[in-house]
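All remarks here apply to the structure that follows.
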Amino acid sequence: AQSVTQPDIHITVSEGASLELRCNYSYGATPYLFWYVQSPGQGLQLLLKYFSGDTLVQGIKGFEAEFKRSQSSFNLRKPSVHWSDAAEYFCAVGTISNFGNEKLTFGTGTRLTIIP
Amino acid sequence: DTGVSQDPRHKITKRGQNVTFRCDPISEHNRLYWYRQTLGQGPEFLTYFQNEAQLEKSRLLSDRFSAERPKGSFSTLEIQRTEQGDSAMYLCASSSHSGHLYEQYFGPGTRLTVT
């Protein structure tokens, strides 16, 4: 069965500093990988996704992620964070069930705090 | 495109009561999902509809839970005889069969508190 591990529960970064959020996945086949962001009291917004091809993917809000098959990782990065980036970030792996359900399996999330 | 909407946003109920939540997906989306998110956890899949057909249910969805999607439009999630363990955020998402694979759009969620 597929699973996602986000080893960092909480990260604090100074505004303007670089950011890297870690994500490791477990899945037998080629994974479809995603990063979502959730602001307090809000639903999830898709930041970026990886299906195939170039292992460095660009997303919205200046985020990027790199797929490394050898490390089973899909880490999220941003060169310079803004106070508005403070939120909860979720990594997810996608699979297709026998019912055609494009099921997402999420990690437990990393809460990002930005300090001035 | 007004996005996925959910109603109510917050619900407080006493243990043993029944509650019903509503989700309105993006109008042209034929796929609809329900997820549950407890504190400190990521969303967990509950059930999936393609048009009006409920095609998959997680084992998390006990007999007290029922979901419908009449006419393939809005969906409702009902919890009967609520328990304190049902306290969570219930998220709805929708996607289009003709759209990008896995591009699920999430609503703001309904936060349920069972006292």
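Chain letters run A, B, ... following the sequence lines, proteins first and then strands; every chain starts at 1. If you're wondering where the values come from, they're calculated on a predicted model, not measured in any experiment.
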| query | Where do Q41(B) and F90(A) come nearest, in terms of heavy atoms and distance? | reply | O-CE2, 3.8 Å
| query | Sequence neighbours excluded, which residues qualify as side chain to side chain contact (heavy atoms under 4.5 Å, CB included) partners of R22(B)? | reply | D24(B), F74(B)
| query | Side chains of L44(A) and Y35(B): closer than 4.5 Å at any heavy-atom pair? | reply | no
| request: Could you state whether I79(B) and M89(B) fall into the same hydrophobic cluster, counting links through intermediate Ile, Leu, Val, Met, Phe, Trp or Tyr residues with side-chain heavy atoms under 4.5 angstrom apart? | output: no
| Can you hop from F106(B) to F21(B) via hydrophobic side chains spaced under 4.5 Å? | no
| query | Shared ILVMFWY cluster between L46(B) and V4(B), side chains joined below 4.5 angstrom? | reply | no
| note | Okay, R9(B) and chain A: the region with an atom under 4.5 Å from a heavy atom over there is side chain
| query | With only heavy atoms counted, which part of L91(B) is less than 4.5 Å from chain A, the side chain, the backbone, both or neither? | reply | side chain
| field | I9(A), CD1: over 12 other non-hydrogen atoms inside 6.0 angstrom | value | no
| field | CG (L56(A)) with more than 12 external heavy atoms under 6.0 Å | value | yes
| request: Please determine, among P43(B), G109(B), G42(B), G107(B), the option with the most heavy-atom pairs under 4.5 Å with chain A. | output: P43(B)
| Segment of Q38(A) engaging chain B (4.5 angstrom heavy-atom cut-off) | side chain
| said: Is F49(B) close to chain A through its backbone or its side chain, or both, or neither, when contacts mean heavy atoms under 4.5 Å? | reply: neither
| Is any residue of residues 57-73 of chain B within less than 4.5 Å of chain A by heavy atoms, and which ones? | none
| task | Let me know if Q37(B) has heavy atoms under 4.5 Å from chain A in its side chain, its backbone, both or neither. | result | side chain
| query | Taking all non-hydrogen atoms of both residues, which atom of F45(B) and which atom of K103(A) are closest, and how far apart? | reply | CD2-CE, 4.0 Å
| Can you get from L55(B) to L32(B) by hopping between Ile, Leu, Val, Met, Phe, Trp and Tyr side chains that sit under 4.5 Å apart? | no
| task | Could you tell me which residues satisfy side chain to side chain contact (heavy atoms under 4.5 Å, CB included) with H82(A), sequence neighbours excluded, listed by chain and number? | result | E15(A), S84(A), D85(A)
| message | If the contact rule is any heavy atom under 4.5 Å from chain B, which residues of residues 107-116 of chain A qualify, in numerical order? | response | G107(A), T108(A)
| said: Quick check: is Y33(B) connected to L104(A) through a chain of hydrophobic side chains (ILVMFWY, heavy atoms under 4.5 Å apart)? | reply: yes
